[in-house]
Amino acid sequence: MKTVLIGVGQAGGKVTSALVDFDREMGFGAVKGALAVNSATADLQSLQLDTVLVGQDRVSGHGVGGDNELGAEVMQADVGEVMSALDGRITAEAEAIFVVAGLGGGTGSGGAPVLARELKRVYSVPVYALAILPGKSEGAMYQVNAGRSLKTLAREADSTILIDNDAWHSSGESLEEGFDSINQSIARRVGLVLAAGEAVEGVGESVVDTSEVINTLRSGSIAALGYAVADASDDPDANINVVTSVARNALLTGTSLPDATKAEAALLVLAGKPDRISRKGAERARKWLEEETGSMEVRGGDFPLDSERLAALVVLGGVERSGRVQEFLQRAKEAQERDEEPSDDGDKLFQNDELDNLL
Ligand code: GDP
């Protein structure tokens with residue numbers, strides 16, 4: 001999927017940067033352009049990306065703190081500048097635009113839904129969000145910000161791929177210490193999804209196509225990814241169990257939203273040397289995925305990759321009814337109720353009755 005990435009806020013910029021680096025190192029060429037947008041000058045300076053500073057007249061380059069309503073306002077005021085900076089980058093070959101942001105802070109949390117809405121108004125390609133949920137250990141403000149932002153973002157974007165900051169976090173590291181490694185994990189997994197369909201190492205009948213990723217994401221407003229990798233034998237017949245167990249691990253232990261297994265649609269991508277992928281294993285894994293996700297719409301395909309190992313990538317479309325999303329929204333709601341000054345002062349961007357019904 002040829003993609004243009006726009007990172008909003010600190011996490012958005014860093015994750016975008018990691019995605020650009022991964023795509024370049026692997027030689028995939030799926031990332032066709034990238035831009036970082038922030039209200040804090042300091043967070044933009046450390047990035048090797050083209051940047052746009054928003055809200056200078058309101059916050060003088062100092063950021064919006066954790067105020068996501070201010071984040072939404074400064075994006076709204078300067079969205080024209082962001083759109084001008086994108087001019088010429090979103091060429092005819094772009095198949096999708098991704099807005100990347102952490103939902104717990106201010107600039108990304110408030111700005112991403114505003115930007116997604118404007119992008120949808122102007123461009124005809126799908127506008128997706130890659131959104132990071134705060135971990136459980138983060139404070140109430142982060143949970144409240146993320147709850148409000150998620151509902152709005154899920155409504156504005158064509159699909160919002162959610163990554164829980166607790167999901168790919170190695171034990172023994174604090175969340176902050178772990179950001180760089182979490183960002184690498186996000187880049188590897190999302191980078192593979194973007195590259196799947198670009199068919200880098202040759203084509204075959206069972207090679208996955210970009211349209212299959214798009215159709216899977218189309219089935220709902222919130223999506224998740226699963227990933228696992230395993231050693232494989234040279235002989236595909238010896239890899240039946242390798243394929244089935246790597247697919248199981250991708251869904252059961254490797255998803256970006258832990259325990260989100262119920263989905264409207266799913267796509268199983270097997271990445272590795274095509275002559276090592278057991279067809280019987282792939283078929284069984286797909287059947288199993290149908291049962292486990294409760295979806296009748298499970299697609300599958302190979303991603304030919306010159307690697308000694310076999311990886312399974314699972315794209316889950318339409319996970320909004322999963323326990324994990326409900327649990328998170330409940331956590332955000334409780335945090336908001338505990339908040340001394342629940343701020344529901346009527347910013348239209350954060351009125352989200354439509355999604356309340358959906359969820
Ligand atoms: P903003 O600059 O105002 O948009 O705020 P941040 O991007 O710092 O958003 C804060 C949220 O993003 C919090 O929930 C953090 O846990 C998370 N976050 C901040 N930096 C990173 C990062 O580099 N990687 C990841 N995965 N999450 C981050």
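Order of appearance sets the numbers: ligands from 1, and atoms from 1 within every ligand. Just so it is clear, the structure is predicted and the values come from calculations on it, not from any experiment. In this chain, residues are counted from 1 in sequence order. The figures here come from the full heavy-atom set of this structure, side chains too, leaving out hydrogens, waters and symmetry mates.
Judged by distance alone, the side chains of Ser278 and Asn239 never bring a donor and an acceptor atom under 3.5 Å apart.
Aromatic ring orientation, Phe28 versus Phe303: tilted (interplanar angle from 30° to 60°).
Counting only distance, with no hydrogens or angles, the side chain of Glu156 and the backbone of Leu153 share no donor-acceptor pair below 3.5 Å. Side-chain N or O atoms of Asn145 include one that pairs as donor or acceptor with a backbone N or O of Gly104 at under 3.5 Å.
Using a cutoff of 4.0 Å between basic side-chain nitrogens and carboxylate oxygens, Glu283 and Lys280 are not scored as salt-bridged.
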Pairs under 3.5 angstrom, nitrogen or oxygen on both sides, ligand 1 versus protein: list them out, please.
unit_1, atom_1, unit_2, atom_2, d
ligand 1, 2 (O), Gln10, N, 2.7
ligand 1, 3 (O), Gly106, N, 2.9
ligand 1, 3 (O), Thr107, N, 2.9
ligand 1, 4 (O), Thr107, N, 3.4
ligand 1, 4 (O), Gly108, N, 2.7
ligand 1, 7 (O), Gln10, N, 3.3
ligand 1, 7 (O), Ala11, N, 2.7
ligand 1, 8 (O), Gln10, NE2, 3.0
ligand 1, 14 (O), Glu138, OE1, 2.7
ligand 1, 14 (O), Glu138, OE2, 3.4
ligand 1, 16 (O), Glu138, OE1, 2.8
ligand 1, 16 (O), Glu138, OE2, 2.6
ligand 1, 16 (O), Asn165, ND2, 3.3
ligand 1, 23 (O), Lys14, NZ, 3.0
ligand 1, 23 (O), Asn183, ND2, 2.9
ligand 1, 24 (N), Asn183, OD1, 2.7
ligand 1, 24 (N), Asn183, ND2, 3.4
ligand 1, 26 (N), Asn165, OD1, 2.9
ligand 1, 26 (N), Asn183, OD1, 3.2
ligand 1, 27 (N), Asn165, ND2, 3.1

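Counted within 6.0 Å of CD on Gln56, heavy atoms from surrounding residues, nucleotides or ligands total 12 or fewer; the atom is thus considered open.
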